[in-house]
> 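One structure, pasted below without further comment.
All values derive from a computational prediction rather than experimental measurement.
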Amino acid sequence: MIEPGALTALAELGERESELLAQVLARVRSDFPSYADVTDEALESSFRQNIEMCSLAVSDPSAPQSNRLYTWARIARRRFEAGVPIDDLIRSYTFSIGLIADELTALFGDHGVPTEKILETYRTIRNVIDAYTAALAAEYRQHRIQLDTHTHELKMDVIERLKTGNFEEPLVNNALARFRLNTELQFRAFTARLSPNSDIDIYSLMALIESQLSGGRGISVIHTEQIIGITVHEFAPMPEVSVSYGHRSRLDALAASFDTAEQVAATSGACTEGNHTLEESSWRIAVVAQTPLIDHLESRFLAPLHLSKVGEGVLLHSVHHFLLHNRSYRQAAQSLHCHPNTLRYRVSRFEELTGTTISDTETIIALEWMFEARARL
């Protein structure tokens, strides 16, 4: 049973609607620039919806469970689609319904509504606010999922077209405008992946990368267990992350840059964290792990070690480090934690067993090629 004074208060609340609405419009226009594209008519409709919420709380104590709250939350989705952030939507809603609730409470007092009923109604309104806010958050999550899915599909389509050279207009140009990419700038393809024992996941890595691509500096997508995309600049180094880059190119000629990025990513150097480029990888991008050439090189250098049954792993590891340190016995020995003379013996033994001379240019090239191929297996 609704108190007679409560019915009178609700009627007077309707009479003061214009005055309260003016306060809401003034607050929204002054404090929430994100509402610039939302019309006064739309805001008025939302305000009347908030009055209806308060009226519902007066007439029905079970109002917080009402399905109408979820219907109203779905209507509010138009604000998300107009670009209003969830925080602004909730803050503006809280101000609007709070203004209405305060006015209604004052009118209840003016018309002799018992204090117990006033407190009960106010608690119900607070519960309605909580339930509606939760419904808004759920609707926003659904909106973001759909928006992110659409954005991902659009980015994936753009990247696939750039990779294949299928640069069709106006389809791609519309997408480039959507992501504010400057067609006059030169971009480079990239692929980023985490170290095997990284403490972060692929989604955290995506967030790190996207923070460096704002302002039209590139786009990226998650593709299997890595992130691919295009960027104007190299990224700031990220711990436990390896990023491989292609060469710079205009957007309409990026297909070759994607090929280069994939070749750089396949090199042994890209197994370590940091930024990796064509300049750093050099000849290594031409190595293919399994070819007749690799079979020949392994037969030439590995078979004699295996047949001799001496510590082939130790000899091979030592020779590899010797080459990595530009044939410096001192530096390589430090890396291997052994005496330089010990390393000299191992290199000499390797030369003896394989019938090669490591100072020979042809031998150096062959060994480096083999080591690079084996590092990819």
Side-chain angles (χ1 to χ4, degrees), residues 1-32 34-35 38-82 84-144:
M1 183 70 180
I2 303 177
E3 296 281 343
L7 291 174
T8 304
L10 285 173
E12 285 195 22
L13 180 66
E15 294 172 3
R16 299 187 184 184
E17 180 180 308
S18 297
E19 176 186 340
L20 296 174
L21 175 61
Q23 294 181 53
V24 170
L25 290 175
R27 172 64 71 89
V28 169
R29 295 308 180 199
S30 66
D31 291 3
F32 302 101
S34 59
Y35 274 82
V38 180
T39 65
D40 285 355
E41 290 75 15
L43 291 173
E44 182 177 350
S45 176
S46 294
F47 176 77
R48 288 185 176 139
Q49 172 185 292
N50 294 343
I51 286 184
E52 193 172 348
M53 282 188 196
C54 288
S55 300
L56 183 65
V58 173
S59 61
D60 183 5
S62 66
Q65 286 78 46
S66 174
N67 289 332
R68 295 170 71 183
L69 296 179
Y70 296 94
T71 300
W72 286 328
R74 284 192 290 273
I75 293 173
R77 182 170 182 156
R78 297 169 189 166
R79 302 289 182 270
F80 304 142
E81 294 168 350
V84 178
I86 181 69
D87 290 348
D88 284 1
L89 182 58
I90 290 177
R91 286 169 58 207
S92 61
Y93 161 72
T94 302
F95 172 78
S96 174
I97 200 165
L99 187 68
I100 296 168
D102 290 345
E103 185 68 22
L104 183 60
T105 300
L107 289 172
F108 272 15
D110 292 344
H111 293 285
V113 176
T115 303
E116 295 79 6
K117 180 61 178 178
I118 295 176
L119 292 175
E120 177 188 336
T121 300
Y122 201 84
R123 282 195 296 269
T124 303
I125 291 175
R126 293 305 310 174
N127 290 337
V128 165
I129 292 173
D130 291 343
Y132 179 69
T133 300
L136 276 179
E139 195 65 30
Y140 178 73
R141 284 193 296 271
Q142 185 63 29
H143 166 72
R144 286 301 312 177

> In Å, rounded to the nearest 0.5 Å, how long is the span from OG of S59 to CG of L10?
8.0 Å
> Got L99 and R27 here, is their nearest side-chain heavy-atom distance under 4.5 Å?
no
> Going from CD on E12 to CD on E103, what distance comes out if it is rounded to the nearest 0.5 angstrom?
9.0 Å
> If you take all heavy atoms of G5 and V113, which pair is closest and at what distance?
C-CG2, 3.6 Å
> So L43 and R29, side-chain contact (heavy atoms from CB on, under 4.5 Å) or not? Walk me through it.
CA-CA 11 Å; L43 291 173; R29 295 308 180 199; 3.5 Å; yes
> Measuring only between side-chain heavy atoms, which start at C-beta, is V28 closer than 4.5 Å to F95?
no
> Can any side-chain N or O of T8 pair as donor or acceptor with the backbone N or O of P4 at less than 3.5 Å?
yes
> To check you understand the geometry: which heavy-atom pair defines the closest contact between L107 and A9, and what is its length?
CD1-O, 3.5 Å
> OG of S92 to CG of L25: how many Å apart, nearest 0.5 Å?
11.5 Å
> Does any pair with a residue in residues 86-102 pass salt bridge (Lys or Arg N to Asp or Glu O under 4.0 Å), and if so which ones, sequence neighbours excluded?
D88-R91
> Dump the intermediate steps for side-chain contact (heavy atoms from CB on, under 4.5 Å) on F32 and L89, then the final yes or no.
CA-CA 9 Å; F32 302 101; L89 182 58; over 6 Å; no
> Do T124 side-chain atoms and E120 backbone N/O form a donor-acceptor pair below 3.5 Å?
yes
> Could you grab the distance from atom NZ of K117 to atom CG of L119, nearest 0.5 Å is fine?
11.5 Å
> Restricting to non-hydrogen atoms, name the atom on L136 and the atom on I90 that form the minimum distance, rounded to 0.1 Å.
CD1-CG1, 4.3 Å
> Only counting residues at least two apart or in another chain, list the ones meeting side-chain contact (heavy atoms from CB on, under 4.5 Å) with S46.
R79
> Would you sort out whether I129 and I125 count as a side-chain contact (heavy atoms from CB on, under 4.5 Å), showing the intermediate values?
CA-CA 6 Å; I129 292 173; I125 291 175; 4.1 Å; yes
> Check the orientation of Y140 and F80. Use parallel for under 30°, tilted for 30 to 60°, and perpendicular for over 60°.
perpendicular
> Applying ring pair (Phe, Tyr, Trp, His ring centres under 6.0 Å), which residue pairs with at least one partner in residues 7-26 are found, sequence neighbours left out?
none
> When rounded to the nearest 0.5 angstrom, what distance separates CZ in F108 from OG1 in T121?
4.5 Å
> Less than 4.5 Å apart, side chain to side chain, heavy atoms only: is that true for N50 and M53?
yes
> To check you understand the geometry: which heavy-atom pair defines the closest contact between A73 and Y132, and what is its length?
N-CE1, 3.6 Å
> Evaluate side-chain contact (heavy atoms from CB on, under 4.5 Å) for V58 paired with L104, printing each intermediate quantity in order.
CA-CA 10 Å; V58 173; L104 183 60; 3.8 Å; yes
> Would you give the length of the straight line joining atom CD1 of I100 to atom CD of Q23, rounded to the nearest 0.5 angstrom?
10.5 Å
